[in-house]
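Chain naming here is simple, since letters A, B, ... match the order of the sequence lines and numbering starts at 1 in each. Since we're looking at a predicted model, the values are computed, not measured.
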Number of protein chains: 2
Amino acid sequence: MADNPKEHEFEIILEAIGRSVGKMRSEITVSRPGSSETYEMATDEGDFHGGDGTAPPPLSYFATAFTACLMTQIRAFSKRLDIPINGVVVKGHYRWIGRQTGRDPYVGSPGGFSFDIDVDSDASTEDLVKLIEAAKKGCFIDQTMAVANDVGHRLKVGDDWLEV
Amino acid sequence: MADNPKEHEFEIILEAIGRSVGKMRSEITVSRPGSSETYEMATDEGDFHGGDGTAPPPLSYFATAFTACLMTQIRAFSKRLDIPINGVVVKGHYRWIGRQTGRDPYVGSPGGFSFDIDVDSDASTEDLVKLIEAAKKGCFIDQTMAVANDVGHRLKVGDDWLEV
């Protein structure tokens, strides 16, 4: 009987603690529980949205995260699949729609996301397609976007937490 | 006949151009087409994942984006709903799972996302719940995560683009 390749699961856990500062600025500390790694980041909004423009807006972090996630996976799997590449340029398109009635809070929805991927490589088109397919499957954000996620929200009320 | 409040739609479009630099570093320029606003951001991976650790990893940008998006909406809608708040602290929990067989490229999937929201306010619990509910609906990332998105990927092949 042939040995089956070993299967295993791993998990990635991040915690982000955000504090409101000024009008629209948020200061975020991202950490991996159990590790000393932390990243400090800040977001703000421009004048038009009532902010002071001291940092990039949240959606620009999202666009960076998603574009870079795919690029990282392309390079990581290029080694595993033995499909050498010299470099990659990815152009990501991000669109959202807001629906507003009078002065009510608006309702947001996704309006389409796509990537144009330009790989500098001598590999065959077939191999590059295989690499992109693997990168899509390995990119945690791509896979998260592909399914409907149940996101939990709890509000602190006194010493308790209320599901909202 | 009573006047109905005016309804309208607006869209938010972002473009992100990412270039591979070094082993795992990605340099991303995010812009809004038709505007001169641009944001330069960089991501990298640590030693363990074959990077040089010159910048935070892509998923930390995702955690920042999502946490801050919700925080921004809470403050923006606090004004519209006339529910005054002094500040807000949000703790976001992010989990992903990777499934790996031997040395094959792994397959990623979402493992759960949740937020603990602590609002500093004299408003009633009822009003704060109303505010969080509006913020969830207005947060573009929350709404994007709640549905299955069809993400497009095109590979450049010569002068053409091939859907992957």
Side-chain angles (χ1 to χ4, degrees), chain A residues 5 7 10 12-14 16-18 20 26 28 30 39 41 43 56 58 60-65 67-69 71 77 87-88 90-92 94-96 98 101-102 105 107-110 113-118 125 132 134 137-138 140 143-145 148-149 151-157 164, chain B residues 5 7 10 12-14 16-18 20 26 28 30 39 41 43 56 58 60-65 67-69 71 77 87-88 90-92 94-96 98 101-102 105 107-110 113-118 125 132 134 137-138 140 143-145 148-149 151-157 164:
Chain A
E7 284 180 29
F10 60 93
I12 297 175
I13 295 178
L14 293 180
I17 297 178
S20 60
S26 296
I28 317 280
V30 182
Y39 308 102
M41 302 190 191
T43 73
S60 64
Y61 282 82
F62 180 87
T64 290
T67 306
C69 181
M71 293 175 70
F77 293 164
V88 57
V90 172
K91 189 168 177 179
Y94 298 87
R95 182 170 175 264
W96 290 274
T101 307
V107 175
S109 66
F113 307 96
S114 64
F115 295 100
D116 291 341
I117 303 163
D118 189 359
T125 299
I132 303 300
K137 284 186 197 151
F140 292 102
Q143 294 302 299
T144 299
M145 296 282 283
N149 296 278
V151 180
H153 301 75
R154 302 195 305 173
L155 174 67
K156 194 160 199 271
V157 180
V164 178
Chain B
E7 285 179 31
F10 60 94
I12 296 175
I13 295 177
L14 292 180
I17 299 178
S20 61
S26 296
I28 316 281
V30 182
Y39 307 102
M41 301 190 192
T43 74
S60 65
Y61 281 84
F62 180 86
T64 290
T67 307
C69 181
M71 295 176 68
F77 292 164
V88 57
V90 172
K91 191 168 176 180
Y94 298 87
R95 183 171 175 264
W96 290 273
T101 306
V107 175
S109 66
F113 307 96
S114 65
F115 296 100
D116 291 342
I117 304 163
D118 189 359
T125 299
I132 304 301
K137 283 186 197 150
F140 291 102
Q143 295 302 299
T144 299
M145 297 282 283
N149 296 278
V151 179
H153 301 74
R154 302 194 307 173
L155 173 67
K156 194 160 200 271
V157 180
V164 177

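In this structure, B:Ser20 contributes its side chain and A:Gly87 its backbone to no donor-acceptor pair below 3.5 Å. A donor-acceptor pair under 3.5 Å is formed between the side chain of B:Asn149 and the backbone N or O of A:Met145.
Between A:Gly18 and B:Thr67, the closest heavy-atom pair is N-CG2, 4.2 Å. Contact record, A:Tyr61 with B:Ala65: CB-CB, 3.7 Å, taken as the closest heavy-atom pair.
In terms of heavy-atom pairs under 4.5 angstrom with chain B, the leader among A:Gln143, A:Lys91, A:Arg154 is A:Arg154. Residue with the most contacts toward chain B among A:Pro105, A:Ser26, A:Ala68: A:Pro105 (heavy-atom pairs, distance under 4.5 Å). Of the listed residues A:Gly98, A:Gly102, A:Gly138, the one with more heavy-atom pairs under 4.5 angstrom with chain B than any other is A:Gly98. Considering only heavy-atom pairs separated by less than 4.5 Å from chain B, the leading option among A:Thr64, A:Ile17, A:Thr43 is A:Thr64. Contact count against chain B (heavy-atom pairs under 4.5 Å) is highest for A:Gly92 among A:Ala134, A:Ser114, A:Cys69, A:Gly92. Of the listed residues B:Thr101, B:Ile13, B:Asp116, the one with more heavy-atom pairs under 4.5 angstrom with chain A than any other is B:Asp116.
When heavy atoms are compared at a cutoff of 4.5 Å, A:Ser109 approaches chain B solely by way of its backbone atoms N, CA, C and O. Within the 4.5 angstrom heavy-atom criterion, atoms from both the backbone and the side chain of A:Phe62 approach chain B. With a threshold of 4.5 angstrom between heavy atoms, A:Val157 approaches chain B through side-chain atoms but not through N, CA, C or O. Both the backbone and the side chain of B:Ile117 come within contact range of chain A, each with at least one heavy atom under 4.5 Å from a heavy atom of that chain. Only the side chain of A:Tyr39 comes within contact range of chain B, with at least one heavy atom under 4.5 Å from a heavy atom of that chain.
Atom NZ of B:Lys137 sits in a sparse spot, with 12 or fewer heavy atoms from other residues, nucleotides or ligands closer than 6.0 Å.
How far CZ of A:Phe113 is from CG of B:Leu14: 10.0 Å, rounded to the nearest 0.5 Å.
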